Visitor: 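Could you have a look at this structure, given as structure tokens, before my questions?
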Amino acid sequence: MSIIVQKFGGTSVGSEEKIINVANRVIEEKQRGNDVVVVVSAMGKTTDGLVKLASNITSHPSKREMDMLLSTGEQVTISLLAMALQQKGYDAVSYTGWQAGIVTEAVHSNARITEINTVKLKKSLNEGKIIVVAGFQGMTASGEITTLGRGGSDTTAVALAASLHAERCDIYTDVDGVYTSDPRYIENARKLTSVSYDEMLELANLGAGVLHPRAVEFAKNYQLPLEVRSSIEKVEGTLIEEEATMEQNLIVRGVAFENEITRMTVFGLKNAITGLSSIFTTLAKHHINVDIIIQSQTEKNCTNLSFSIHEHDLGQAISVLEDNKQTLGFTHIEHESGLAKVSIVGSGMISNPGVAAEMFEVLAEHDIIVKMVSTSEIKVSAVVDEQNMNKAAKVLHTAFDLDRVKVEQYSS
Ligand code: ASP
Ligand code: MG
């Protein structure tokens, strides 16, 4: 008998009716003769609501108590789903993350799974039970409750699927697959039949909210096929696997974008050798995430350094740098906010030179100024003015033939 892991996100379990609908989807899989393990998120916006509750009490909640609080959201869903399955005559049992044997490192609010002890799960599966597991949570070796970071239920599902040697892991969500771009902004965005792990990892890290990046990493490490599908409509979703089928020989498979980016420039850094590391060490110590970095030598043998950060880190970045101006040894800093990052992603870039050139040509044709650039083997990102973000995404989507991806829908 094959084991199938199904994961249902917050919107898919947002009400009692939706939970009953999920129970039906679970039963369909069970009736196909499979063993089923279901992972669920907290109902609707429950987790946000819990965060809000804490903020009404304190602006500095301890991370341990936040994990204690947030882990309750998923427990509500698992019990209700197990009840819904039982009501329909199926033998089901719900387990919290720790009951399901999920052990994590001792880090609150963003823990990684270190081990899964599957004895209990296997026993329940052997007894023919449908197992419902709370996503997003685990326990440290010393018995502390932890959570896996926002969106972490995906990771729970993939990790369980890997350790149970499941045949597949299906991620059910409120969209019916992975799209060439965000359909809310790009009207010609199309659903993809398949995406490779590496492409999905880039897209997830570039803000495509459909999957938790760590879940994709896990799936890649264990070569576990993932499918993103709709919890409402019964249509084929998007398969995430090692080698995606080359959809009409697409070189670029997705256009991602995000706004609220600030470019900071540190002028006149005197000691380029130690200066570079001390600037970024100082920022890292204050948990300021730096993305694109550009270094340039000036005539006076000084270095200017530009880097991009999220807009919400700006205030802190300025004060941290100003406070350490003497030791860091620079003359002054400037910043420009209101920027956005537009990226094209596709494994086909590895074997096709000139993709970045074409991207810049298209942006230039539409009078879109590029302020910073970064690349990987399968990605090119350009920082542009925020008001040009949607336009840039749209023209790139068209230029790289994504408007014409064949829309395929089959019922399953
Ligand atoms: N409930 C958690 C969150 O909202 C985990 C998840 O949904 O994956 O982030
Ligand atoms: Mg999610």
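It should be emphasised that the depicted structure is a prediction, and the values quoted were computed from it without experimental measurement. Keep in mind that the numbers below use all heavy atoms, side chains included, and drop hydrogens, waters and symmetry copies. Atoms within each ligand, like the ligands themselves, are counted from 1 in listed order.
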Visitor: Among residues at least two apart in sequence or on other chains, which ones pass side chain to side chain contact (heavy atoms under 4.5 Å, CB included) with Ser231?
Guide: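 Checked Ser231 against side chain to side chain contact (heavy atoms under 4.5 Å, CB included); matches are Phe8, Ser12, Tyr172.
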
Visitor: So is there a nitrogen or oxygen of Ser41 less than 3.5 Å from a nitrogen or oxygen in ligand 1?
Guide: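 Yes; the residue has a nitrogen or oxygen that sits under 3.5 Å from a nitrogen or oxygen of the ligand.
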
Visitor: Would you say His212 touches ligand 1, if touching means a heavy atom closer than 4.0 Å?
Guide: no

Visitor: Say you draw a straight line from NE2 of His108 to CG of Leu70; how long is it, rounded to the nearest 0.5 Å?
Guide: 12.0 Å

Visitor: Distance under 4.0 Å to a non-hydrogen atom of Phe136: what atoms of ligand 1 satisfy this?
Guide: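 Ligand 1 atoms under the 4.0 Å threshold to Phe136: 2 (C), 5 (C).
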
Visitor: Which ligand 1 atoms, with their elements, are less than 4.0 angstrom from a heavy-atom of Gly151?
Guide: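 Every atom of ligand 1 under 4.0 Å from some heavy atom of Gly151: 3 (C), 5 (C), 6 (C), 8 (O), 9 (O).
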
Visitor: Before giving the answer on side-chain contact (heavy atoms from CB on, under 4.5 Å), spell out for Tyr90 and Val26 the whole-Å C-alpha distance, their side-chain angles and the decisive distance to 0.1 Å.
Guide: CA-CA 10 Å; Tyr90 283 79; Val26 174; over 6 Å; no

Visitor: Does the pair Leu211 and Ile240 meet the rule for a side-chain contact (heavy atoms from CB on, under 4.5 Å), with working shown?
Guide: CA-CA 11 Å; Leu211 275 177; Ile240 298 146; 3.4 Å; yes

Visitor: Pairs of nitrogen or oxygen atoms closer than 3.5 Å, one from Lys7 and one from ligand 1: do any exist?
Guide: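 Lys7 vs ligand 1: no N/O contact under 3.5 Å.
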
Visitor: Which one of Thr104, Asp67, Asn110 satisfies the side chain to side chain donor-acceptor pair (under 3.5 Å) criterion with Thr146?
Guide: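 Only one of Thr104, Asp67, Asn110 forms a side chain to side chain donor-acceptor pair (under 3.5 Å) with Thr146, namely Thr104.
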
Visitor: Please work out which of the three classes, parallel, tilted or perpendicular, describes the rings of Phe218 and Tyr222, given edges at 30° and 60°.
Guide: parallel

Visitor: State if Gly152 counts as touching ligand 1 under the rule of any non-hydrogen atom under 4.0 Å.
Guide: yes

Visitor: To which protein heavy atom is atom 9 (O) of ligand 1 closest, and what is the distance rounded to 0.1 Å?
Guide: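 So the nearest neighbour among protein heavy atoms is Arg150 NE, 2.6 Å.
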
